[in-house]
**Student:** 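Below is one structure. I have some questions about it.
Just so it is clear, the model here is predicted, and its values are computed rather than measured. FYI, side chains are in, hydrogens and waters are out, and symmetry mates aren't considered; it's all heavy atoms of this structure. Numbered from 1 within each chain, the chains take letters A, B, ... in sequence-line order.
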Amino acid sequence: MSLSTDLTTTDTQTNSSKPTALQTAPIDKSYEFQEVEAKWLNDWAQAGLSIATMDSTKPCFSMVIPPPNVTGVLHIGHALNNTLQDILIRYKRMDGYNTLWVPGTDHAGIATQNVVERQLAQEGLSRHKLGREAFIQRVWEWKAKSGGRILEQLKRLGCSCDWSRERFTFDEGLSLAVKEVFVRLYEEGLIYKGDYIINWCPRCHTALADIEVEHEPQEGCIWRLKYPLKDETGYVVVATTRPETMLGDTAVAVNPNDARYAHLIGKELMLPLVNRPIPIIADDTVDMEFGTGAVKITPAHDFNDFETGLRHNLPVINIFDTSAHVNENGGKYQGMDRYEARKRILEDMSAIGLLEAEEKHSLAIGGCYRCKTVVEPRISKQWFVRTQPLAQKALAAVREKETVILPASWEKTYEEWMTNIKDWCISRQIWWGHRIPAWTCKTCGETIVAKDTPTACTKCNSTDLEQETDVLDTWFSSALWPFSTLGWPEKTRELEMFYPTSVLITSFDILFFWVARMLMMGIHFMEEVPFRYVYLHALVRDSQGQKMSKSKGNVIDPLTVMEKYGTDAVRMTLTALAAQGRDIKLAEDRIEGYRHFINKIWNATRLVLMNVNDSFEPLKDPESLIPRALKDKWILARLGKLIQSTRHNLDNFEFDEAARGLYHFFWHEYCDWYLELAKPAFQSLNDQERRITQQTAITVLDICLRLLHPIIPFVTEELWHNLPGSSGHIMTAEFPRPVPAWQNETAEAQMQELIEIITGIRNLRSEFNIHPGIRLKVQVFPHDDGIRELFSAQKTHLLALAKLETIDFYDTSQPRPKNAASVILKDVEIFIPLKDVIDLAGELKKLQKEEEKLLNDLQKTQAKLNNADFMARAPQEIREKEQQRFTDIETRLKRIKDHKATLSTIET
RNA sequence: AGGCGCGUAGCUCAGUGGUAGAGCGCUACCUUGACACGGUAGAGGUCGGCAGUUCAAUCCUGCCCGCGCCUACCA
């Protein structure tokens with residue numbers, strides 16, 4: 001009798017129920033996702049499964065969504081970002097946490113204002129014609145009607161946010177938080193107002209923060225202009241890429257160590273065209289190597305020049321209006337656009353012989369990140385946040401791992417930025433946004449900053465007060481998102497339970513815009529970091545690695561592909577491709593590939609359900625499942641490992657590995673091998689065998705569905721409800737835990753051997769073109785007892801999977817058959833007599849090929865073993881492995897040689 | 001200019017100091033009572049190049065070539 005118990009054909013025990021006849025399929029032949037997705041979205045919402053329970057007996061797990069712009073439409077980046085978040089929140093919810101995922105949108109100052117302004121333009125209106133109040137009213141109307149469509153799209157993606165807690169960065173509560181923060185920072189001296197040079201968008205008519213400017217490399221020109229000395233004794237030649245700014249020059253700077261100009265320092269030049277004397281100054285920031293070594297200084301229109309101007313107390317002459325047209329300081333150029341002015345000035349300089357040269361020059365032009373208009377550096381009164389003290393604490397928090405940034409490579413970038421951070425310009429000259437809570441007394445000039453509108457000047461008691469017209473940078477309000485959405489500044493139960501949030505998942509491109517600022521604000525106002533982990537995922541690009549954009553026409557629209565392949569397929573694809581620290585290059589055929597996987601799950605379930613009859617009783621507890629047969633022991637051992645690795649992957653944000661691990665197990669272990677092995681067992685007359693197989697098949701399926709649910713929620717929920725014995729929703733079922741009793745290395749090794757044998761025989765069938773319908777008789781020469789037992793025990797499986805008619809055993813001392821194809825493994829030789837097809841040449845060719853490969857391997861291994869250094873220094877484990885390998889190859893080689901010898905005795 | 005990342009099968013991507021993997025595509029065979037959105041068996045790779053470290057390098061180090069991205073005040 002064999003060790004294993006699943007050899008059933010001779011078993012005669014009485015059966016209490018008949019094997020399940022193939023039943024009518026309980027589910028359709030292929031997965032129709034459209035209805036299923038709609039059904040569960042509705043059902044989950046009705047059941048309120050994603051609403052935070054506020055159950056304080058459970059550990060808490062919380063996240064806030066990176067609020068998409070209220071003007072936004074779901075793009076593939078959102079799909080990735082929110083799929084990853086949803087995976088985590090679903091995992092934690094199933095794993096017993098009290099979960100909260102706060103959704104919401106961002107009011108997106110400039111972006112939203114632009115949208116509504118475009119609408120107005122179509123009606124022949126403008127915001128200025130409308131006036132501030134009416135305009136804002138209009139934006140709110142727009143928001144009510146068409147804003148936040150993206151949230152509906154996120155719902156369709158399956159995002160299990162707590163939709164009862166949806167917030168908006170401009171809603172009432174958050175506006176209160178914004179005022180509170182502004183006033184407190186002002187009172188602490190961390191907000192100030194002043195005249196500084198800022199980036200100005202001449203189209204949006206507002207200041208921009210440094211990081212809101214995008215630099216595009218461009219081919220441009222650099223010109224050399226001659227500036228005559230006032231005393232008419234010569235010229236100084238300056239190099240510039242922006243000749244039009246000469247109208248605002250107030251000095252020319254040279255390096256104090258520059259011998260060429262040393263004698264001119266302190267002298268005056270006569271600025272051409274404007275005929276204004278300007279001094280030659282010495283400043284060691286001037287690079288002697290670049291250009292002519294002499295730099296024209298325009299404090300009003302260049303960041304460096306502004307600094308230089310401050311150092312040398314130079315006058316500041318602003319030459320542009322807010323639309324970057326030359327103003328009254330530009331003399332005859334007044335009214336011209338900056339580029340028109342450039343052209344005219346060059347012509348005029350050329351005409352009077354002061355244009356020395358024009359050269360090609362590549363430069364980085366800064367553009368507005370919203371409208372791409374070339375920004376103009378400009379001096380104006382703006383509000384700033386003094387970031388140094390805030391940044392220091394935020395830097396320390398990350399260094400001390402109070403917040404962990406992943407992948408860790410971003411820490412360095414973060415550190416770099418936080419160390420060199422500049423003050424944050426927070427005022428914007430637009431209308432849509434949080435109006436700065438500051439008033440100026442028109443009587444005495446006092447600035448009053450307060451949460452509530454003051455009735456009188458705090459200094460002179462005048463009632464003639466005027467509120468600041470600027471609004472705050474949108475990122476100012478989103479910086480408060482992790483605590484403002486939880487009710488701050490009130491001391492709420494939500495804050496107590498869910499702050500700090502557990503994880504923030506976002507795209508790396510807003511690390512500075514958003515993540516760093518949340519850290520600064522969170523630490524300052526909550527005295528604790530806003531999140532424990534920041535996971536930064538990559539950008540989704542097209543298959544060529546290009547950024548997706550409408551103008552390039554390379555956009556993969558998530559909604560379109562969701563319609564086409566199903567939401568689960570899209571989620572699965574994004575997840576499987578989301579390797580840490582690497583951009584995702586997405587091609588549509590990958591989504592198609594994962595749709596096939598969804599279908600595979602569907603059909604595997606279909607098979608299992610077809611083989612479970614009404615009398616089947618599901619297990620209450622998977623741990624009570626005691627496998628007897630190799631196939632069951634094996635699949636449970638593999639499943640146990642899968643549970644562990646999936647948990648480990650999710651705990652470590654290795655979403656891609658979790659997805660791929662599940663894919664591989666389900667398709668290539670469960671479907672390819674287990675279910676194929678189970679098919680005959682489902683039909684077995686042996687009650688116990690049939691029952692255990694059914695239970696195992698169901699158990700593995702159940703656990704796989706639960707492991708997969710966070711990634712592909714729809715199909716798993718649907719199938720779960722068809723499993724016998726399931727109750728409730730898979731969404732709130734327990735996330736599988738490892739079952740130690742299922743560990744079984746022996747079963748894994750035996751199964752490996754079985755797979756090798758079956759594959760060997762199939763390979764041979766294929767090489768000899770044996771039609772799949774033909775059943776073969778095989779002769780087996782086992783070299784040890786273990787393999788013999790394996791063959792006996794797994795006979796039914798071998799017969800089924802290798803399509804055999806009979807298996808006969810021979811003693812290894814007996815001669816091998818002559819007209820036969822062979823599979824020669826380490827401890828078994830298998831022969832298939834080919835009566836009708838005596839293909840000696842083919843068999844010899846195959847043996848030859850195998851022999852060559854083995855010889856090659858043998859040589860490599862031998863080289864290693866002969867290497868004294870290897871034997872002396874390689875770890876023992878490796879040496880033994882290599883030794884074992886050598887022996888195995890040798891054995892196989894010898895058997896192949898023997899067989900070749902046998903064959904060569906045949907007359908050809 | 002500095003920083004970061006990438007270069008692995010035809011394409012899109014995983015991966016590892018000790019015998020190279022997946023999906024799609026390709027070839028041959030198969031409509032077998034879950035699935036042709038399928039099955040079986042294959043072909044296809046000096047793991048960008050050159051050095052170095054190591055018993056051993058696709059993996060670690062340096063340089064080079066190619067490609068991205070981010071930061072930067074070269075007028």
**Student:** What nucleic acid atoms does Thr292(A) come within less than 4.0 Å of, heavy atoms only: base, sugar-phosphate, or nothing?
**Tutor:**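 Since no nucleic acid heavy atom lies under 4.0 Å of Thr292(A), the category is nothing.
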**Student:** A quick test of your reading: do over 12 heavy atoms of other residues, nucleotides or ligands sit less than 6.0 Å from CD of Gln34(A)?
**Tutor:**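 Enclosed.
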**Student:** For the C1' atoms, the ones on G38(B) and on G33(B), what distance do you get once it is rounded to whole angstrom?
**Tutor:**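 These two C1' atoms come out 14 Å apart once rounded.
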**Student:** Taking for each residue the nucleotide of RNA chain B with the nearest heavy atom, is it Glu657(A) or Glu676(A) whose nucleotide lies nearer the 5' end?
**Tutor:**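 Residue closer to the 5' terminus by nearest nucleotide: Glu657(A).
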**Student:** Indicate, yes or no, whether a donor-acceptor pair under 3.5 Å links the base of A72(B) to the side chain of Glu416(A).
**Tutor:**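 No such pair is found, so the answer is no.
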**Student:** Do the side chain of Lys679(A) and the base of A34(B) come within less than 3.5 angstrom through a donor-acceptor pair of N or O atoms?
**Tutor:**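 Such a pair exists between side chain and base.
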**Student:** Taking Lys803(A)'s backbone N and O only, do any of them form a donor-acceptor pair with Arg762(A)'s side chain (distance below 3.5 Å, no angle check)?
**Tutor:**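 No.
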**Student:** Using atom types as modelled and distance alone, determine if a side-chain donor or acceptor of Asn722(A) lies under 3.5 Å from a backbone N or O of Glu718(A).
**Tutor:**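 The answer is yes, because a donor-acceptor pair under 3.5 Å joins these two groups.
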**Student:** Is Lys422(A) near enough to C73(B) that one of its side-chain N or O atoms lies under 4.0 angstrom from OP1 or OP2?
**Tutor:**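 So the side-chain polar atoms of Lys422(A) do come within 4.0 Å of the phosphate oxygens OP1 or OP2 of C73(B), strictly under.
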**Student:** So does Lys600(A) reach the base of C35(B) with its side chain, donor to acceptor, closer than 3.5 Å?
**Tutor:**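 Answer is yes: a donor-acceptor pair is held.
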**Student:** Expressed as a whole number of Å, how far does the C1' atom of C30(B) sit from that of C50(B)?
**Tutor:**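 Each nucleotide's C1' atom is 50 Å from the other's.
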**Student:** Please report, rounded to the nearest Å, how far the P atom of C73(B) is from the CG atom of Asp302(A).
**Tutor:**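 It is 10 Å, rounded to the nearest whole Å.
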**Student:** Whole angstroms only, please: what is the CZ-C1' distance between Arg762(A) and A28(B)?
**Tutor:**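 Rounded to the whole Å, the gap is 16 Å.
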**Student:** Under 4.0 Å between any heavy atoms, over every strand shown, what does Arg885(A) touch: base, sugar-phosphate, or nothing? Just pick one.
**Tutor:**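 Arg885(A): base contact, heavy atoms under 4.0 Å.
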**Student:** What is the distance, rounded to the nearest whole Å, between atom CG of Leu577(A) and atom P of A14(B)?
**Tutor:**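 Going from Leu577(A) (CG) to A14(B) (P), I get 8 Å.
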**Student:** Assign Val608(A) to base, sugar-phosphate, or nothing according to its heavy-atom contacts below 4.0 angstrom with the strands shown.
**Tutor:**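 It contacts nothing in the nucleic acid.
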**Student:** Counting distance only, does the side-chain N/O of Trp673(A) pair as donor-acceptor with the main-chain N or O of Ile635(A) below 3.5 Å?
**Tutor:**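 No, Trp673(A) side chain to Ile635(A) backbone: no donor-acceptor pair under 3.5 Å.
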**Student:** Select base, sugar-phosphate, or nothing to describe what Lys853(A) touches, counting heavy atoms under 4.0 Å on all strands.
**Tutor:**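 The answer is nothing, as Lys853(A) stays clear of every strand by at least 4.0 Å.
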**Student:** Taking any heavy-atom pair under 4.0 Å as a contact, classify Lys860(A): base, sugar-phosphate, or nothing.
**Tutor:**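 If one applies the 4.0 Å heavy-atom cut-off, Lys860(A) turns out to touch nothing in the nucleic acid.
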**Student:** Anything under 3.5 Å between a donor and an acceptor, one on a side chain of residues 870-882 of chain A, the other on a protein residue two or more places apart or in another chain? List them.
**Tutor:**
from, atom 1, to, atom 2, distance (Å)
Gln876(A), NE2, Glu880(A), OE2, 2.8
Arg879(A), NH1, Ala874(A), O, 2.8

**Student:** How far does the C1' atom of G10(B) sit from the matching atom of U53(B), given to the nearest Å?
**Tutor:**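 Going atom to atom, C1' in each nucleotide, I get 36 Å.
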**Student:** For U61(B) and G25(B), measure between their C1' atoms and round to the nearest Å.
**Tutor:**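 The answer is 38 Å between these two C1' atoms.
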**Student:** Send over the distance from Asn763(A) CG to G39(B) C1', rounded to a whole Å.
**Tutor:**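 Computing the Asn763(A):CG to G39(B):C1' distance gives 16 Å.
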**Student:** Identify, residue by residue, the members of residues 869-876 of chain A with a heavy atom below 4.0 Å from RNA chain B, and return them in order of residue number, or none.
**Tutor:**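 Result for residues 869-876 of chain A: Asp869(A), Phe870(A), Arg873(A), Ala874(A), Pro875(A), sorted by number.
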**Student:** So which pairs with a foot in residues 667-678 of chain A pass salt bridge (charged side-chain N to carboxylate O under 4.0 Å, His left out), sequence neighbours left out?
**Tutor:**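 As it turns out, the salt bridge (charged side-chain N to carboxylate O under 4.0 Å, His left out) pairs with a partner in residues 667-678 of chain A, which skip direct neighbours, are Arg638(A)-Glu669(A), Glu676(A)-Lys679(A).
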**Student:** Look only at the side chain of His771(A) and the backbone of Gly773(A), and say whether a donor-acceptor pair between them is shorter than 3.5 Å.
**Tutor:**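 Indeed, once roles are kept as given, a pair shorter than 3.5 Å links the two residues.
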**Student:** Quantified in whole Å, what is the C1' atom distance between nucleotide U58(B) and nucleotide A9(B)?
**Tutor:**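 Comparing C1' positions in U58(B) and A9(B) gives a spacing of 14 Å.
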**Student:** Would you indicate whether the side-chain heavy atoms of Leu80(A) and Ile76(A) approach each other to under 4.5 Å?
**Tutor:**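 A side-chain contact is absent here, since even the closest heavy-atom pair is not under 4.5 Å.
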**Student:** Got a donor-acceptor contact below 3.5 angstrom from the Tyr670(A) side chain to the Ala697(A) backbone?
**Tutor:**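 Judged by distance alone, yes, a pair lies under 3.5 Å.
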**Student:** Select base, sugar-phosphate, or nothing to describe what Glu880(A) touches, counting heavy atoms under 4.0 Å on all strands.
**Tutor:**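 If one applies the 4.0 Å heavy-atom cut-off, Glu880(A) turns out to touch nothing in the nucleic acid.
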**Student:** Taking all heavy atoms of Arg224(A) and all of Thr292(A), pick out the closest pair and write down the distance.
**Tutor:**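 Distance-wise, the nearest heavy atoms are NH1-CG2, 3.5 Å.
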**Student:** Without decimals, in angstroms, what is the distance between Asn420(A) CG and G3(B) C1'?
**Tutor:**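 Computing the Asn420(A):CG to G3(B):C1' distance gives 12 Å.
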**Student:** Would you mind reading off the distance between Ile297(A) atom CD1 and C74(B) atom C1', rounded to a whole angstrom?
**Tutor:**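 Distance check: Ile297(A) CD1 to C74(B) C1' gives 13 Å.
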**Student:** For the pair made of CG in Leu536(A) and P in G5(B), what is the distance, rounded to whole Å?
**Tutor:**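 So the two atoms are 14 Å apart, to the nearest Å.
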**Student:** Could you give me the stems involving RNA chain B, meaning stretches of three or more consecutive Watson-Crick or G-U wobble pairs whose two defining distances are both below 3.5 Å?
**Tutor:**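 Looking at RNA chain B, the stems formed by three or more consecutive pairs are B:1-7 with B:65-71, B:10-13 with B:21-24, B:26-30 with B:38-42, B:48-52 with B:60-64.
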**Student:** Please list, for nucleotides 6-10 of chain B, all pairs of protein and nucleotide N/O atoms separated by less than 3.5 Å.
**Tutor:**
from, atom 1, to, atom 2, distance (Å)
G7(B), OP1, Arg582(A), NH1, 3.3

**Student:** Return the polar atom pairs (N/O with N/O) between nucleotides 20-27 of chain B and the protein under 3.5 Å, or none.
**Tutor:**
from, atom 1, to, atom 2, distance (Å)
C24(B), O2', Asp589(A), OD2, 3.3

**Student:** Starting at CH2 of Trp410(A) and ending at C1' of C4(B), how long is that distance when rounded to a whole Å?
**Tutor:**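 Nearest whole value for this atom pair: 7 Å.
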**Student:** Answer yes when Asp888(A) and Arg892(A) have at least one side-chain N-carboxylate O distance shorter than 4.0 Å, and no when they do not.
**Tutor:**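 No, this pair does not count.
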**Student:** Suppose you measure atom P in G49(B) against the same atom in A57(B); what distance do you get, rounded to whole Å?
**Tutor:**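 It works out to 15 Å between them.
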**Student:** Counting only side-chain heavy atoms from C-beta out, which of U32(B), A75(B), A34(B) sits nearest to Arg606(A)?
**Tutor:**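 The nucleotide sitting nearest to the side chain is A34(B).
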**Student:** Would you name the heavy atoms of Arg242(A) and His301(A) that are closest together and state the gap between them?
**Tutor:**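 Scanning both residues completely, I find the closest heavy atoms to be NH1-O, 4.2 Å.
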**Student:** For the P atoms, the ones on G44(B) and on A20(B), what distance do you get once it is rounded to whole angstrom?
**Tutor:**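 Result for the P pair: 14 Å, nearest Å.
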**Student:** If you compare all heavy atoms of Met572(A) against all heavy atoms of Phe597(A), which two are closest, and at what distance to 0.1 Å?
**Tutor:**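 Looking at all heavy atoms of both residues, the closest pair is CE-CE2, 3.7 Å.
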**Student:** Which residue, Thr285(A) or Lys29(A), contacts RNA chain B at a nucleotide closer to its 5' end, judged by nearest heavy atom?
**Tutor:**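 Its nearest nucleotide lies further toward 5', so the answer is Lys29(A).
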**Student:** Would you call the rings of Phe653(A) and Phe655(A) parallel, tilted or perpendicular, taking 30° and 60° as the class edges?
**Tutor:**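 Perpendicular, since the angle between the ring planes exceeds 60°.
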